[in-house]
Amino acid sequence: MWKTILFDLDGTLTDSAPGITNSVSYALAHFGIHEEPENLLKFIGPPLNESLAEFYGFSPERTTEAITVFREYFVEKGWCENAPYPGVAELLRDLQAAGKQLMVATSKPEVQAVRILKHFGLAQYFDHICGAPPDNEEGAKKSSIIRRALEWAEDLSQTVMVGDRRHDVAGARETGLPCIGVLYGYGGREELEKAGAAFIAEDMDQLRELLLNR
């Protein structure tokens, strides 16, 4: 049975699509690129610098400028344009009551992750909230963030990652952890299985079963 559980944030704990897609749309418009929000869901999960280069071929210089513009919108409005998935608070409460050590490992800047989790009353359930350090691309990689979280893990042999995208699975595998992929987020079954997810949870009930009763 797992003792320590690491959670991704966007697409795993909160439905963050509006805030992220609106922020990306705002940043792209700065460069004369106009996209519908539904075409920007692919930005949820991976580090922004990787996605801008992958999907739009942005140079490092343009990427830096785009991230600055993205943050202008996100810091003012985007951070609160999301909501916890139904049942998340109850799951975290029950995991905490069962003696689990809970942590967040997200590619979102740490200061923003803490702000969001406090806003929705979820921060109280976590022993540590680990996010990306400011202006540090290497530190924003999922594996780097997970490694930092693992410094507080009580028993690595009883630790699992929970996330919705292939980057969560890959980051967990790079650090020697199994990963539970959740299908209620933004990654599909094929993406998660191809990445090597050890388990798949179709909904919150299945995730609860895996984390509390496995």
Side-chain angles (χ1 to χ4, degrees), residues 5-30 35 37 40-55 58 60 62-85 88-89 91-92 102-152 161-168 171-172 182 184-187:
I5 304 166
L6 278 59
F7 286 91
D8 174 47
L9 178 54
D10 297 330
T12 302
L13 296 174
T14 64
D15 181 0
S16 53
I20 292 177
T21 58
N22 288 341
S23 299
V24 173
S25 179
Y26 181 80
L28 292 177
H30 176 75
E35 287 277 13
L40 301 175
L41 294 175
K42 57 194 174 186
F43 278 89
I44 301 174
L48 188 57
N49 63 296
E50 294 180 14
S51 297
L52 288 166
E54 178 181 355
F55 301 131
F58 274 25
R62 178 169 278 204
T63 294
T64 298
E65 184 176 353
I67 290 174
T68 298
V69 178
F70 172 97
R71 288 175 178 169
E72 289 175 3
Y73 183 95
F74 192 86
V75 169
E76 181 179 352
K77 298 179 181 179
W79 73 274
C80 61
E81 292 177 332
N82 69 101
Y85 284 107
V88 160
L91 174 62
L92 295 175
L102 306 180
M103 292 189 275
V104 170
T106 174
S107 294
K108 185 182 293 299
E110 189 168 300
V111 64
Q112 295 177 8
V114 171
R115 183 184 188 189
I116 289 167
L117 290 165
K118 285 184 176 179
H119 176 72
F120 291 117
L122 301 180
Q124 61 181 311
Y125 299 113
F126 294 101
D127 296 279
H128 298 282
I129 298 171
C130 296
D135 302 319
N136 185 333
E137 291 188 8
E138 185 64 31
K141 291 181 178 178
K142 199 72 180 196
S143 57
S144 298
I145 294 164
I146 292 174
R147 286 192 182 95
R148 188 152 56 87
L150 292 179
E151 294 175 4
W152 290 286
M161 176 74 196
V162 181
D164 69 309
R165 299 301 306 274
R166 59 184 174 86
H167 303 81
D168 301 311
V182 298
Y184 57 78
Y186 300 105

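- To the nearest 0.5 angstrom, I20 atom CD1 is 7.5 Å from N82 atom CG.
- The structure places CD1 of I146 at 13.0 Å from CD of E151, a figure rounded to the nearest 0.5 Å.
- Pairs of residues two or more places apart, or lying in two chains, that qualify as salt bridge (Lys or Arg N to Asp or Glu O under 4.0 Å) and include a residue from residues 7-24 are D8-K142, D10-K108.
- Here the closest heavy-atom approach between residue V182 and residue G11 is recorded as CG2-O, 4.1 Å.
- The CG atom of L28 lies 6.5 Å from the CG atom of L52; values are rounded to the nearest 0.5 Å.
- Interatomic distance, CD1 of I44 versus CG of D164, reported as 8.5 Å (0.5 Å rounding).
- Qualifying ring-ring contact (aromatic ring centres under 6.0 Å, His included) partners for Y186, counting only residues two or more places apart in sequence or in other chains: none.
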Donor-acceptor contacts under 3.5 Å from residues 112-130 side chains, at least two apart:
unit_1: R115; atom_1: NH1; unit_2: V75; atom_2: O; d: 3.2
unit_1: Q124; atom_1: NE2; unit_2: G121; atom_2: O; d: 2.8
unit_1: D127; atom_1: OD2; unit_2: L102; atom_2: N; d: 3.0

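- Partners of E54 according to the side chain to side chain contact (heavy atoms under 4.5 Å, CB included) rule, which considers only residues two or more places apart in sequence or in another chain, are R166.
- Considering only heavy atoms from C-beta on, R165 comes within 4.5 Å of P46 through its side chain.
- The shortest heavy-atom contact between R148 and P133 is NH2-CD, 4.4 Å.
- Looking only at side-chain heavy atoms (C-beta outward), M103 and I5 stay at 4.5 Å or farther from each other.
- Side-chain atoms of S107 and I145, non-hydrogen and from C-beta on, do get closer than 4.5 Å to each other.
- Considering only heavy atoms from C-beta on, Y85 stays 4.5 Å or farther from T14 through its side chain.
- By the ring-ring contact (aromatic ring centres under 6.0 Å, His included) test, F55 is found to be paired with F43, residues two or more places apart in sequence or in another chain being considered.
- The line from CZ of F70 to OG1 of T63 is 13.0 Å long, rounded to the nearest 0.5 Å.
- Within the structure, every pair that satisfies the side-chain hydrogen bond (donor to acceptor under 3.5 Å, both in side chains) test and touches residues 20-30, not counting sequence neighbours, is listed here: N22-E81, H30-E65.
- In this structure the side chain of E76 never reaches within 4.5 angstrom of the side chain of R71, judged on heavy atoms.
- Here F7 pairs with nothing under the ring-ring contact (aromatic ring centres under 6.0 Å, His included) rule; sequence neighbours left out.
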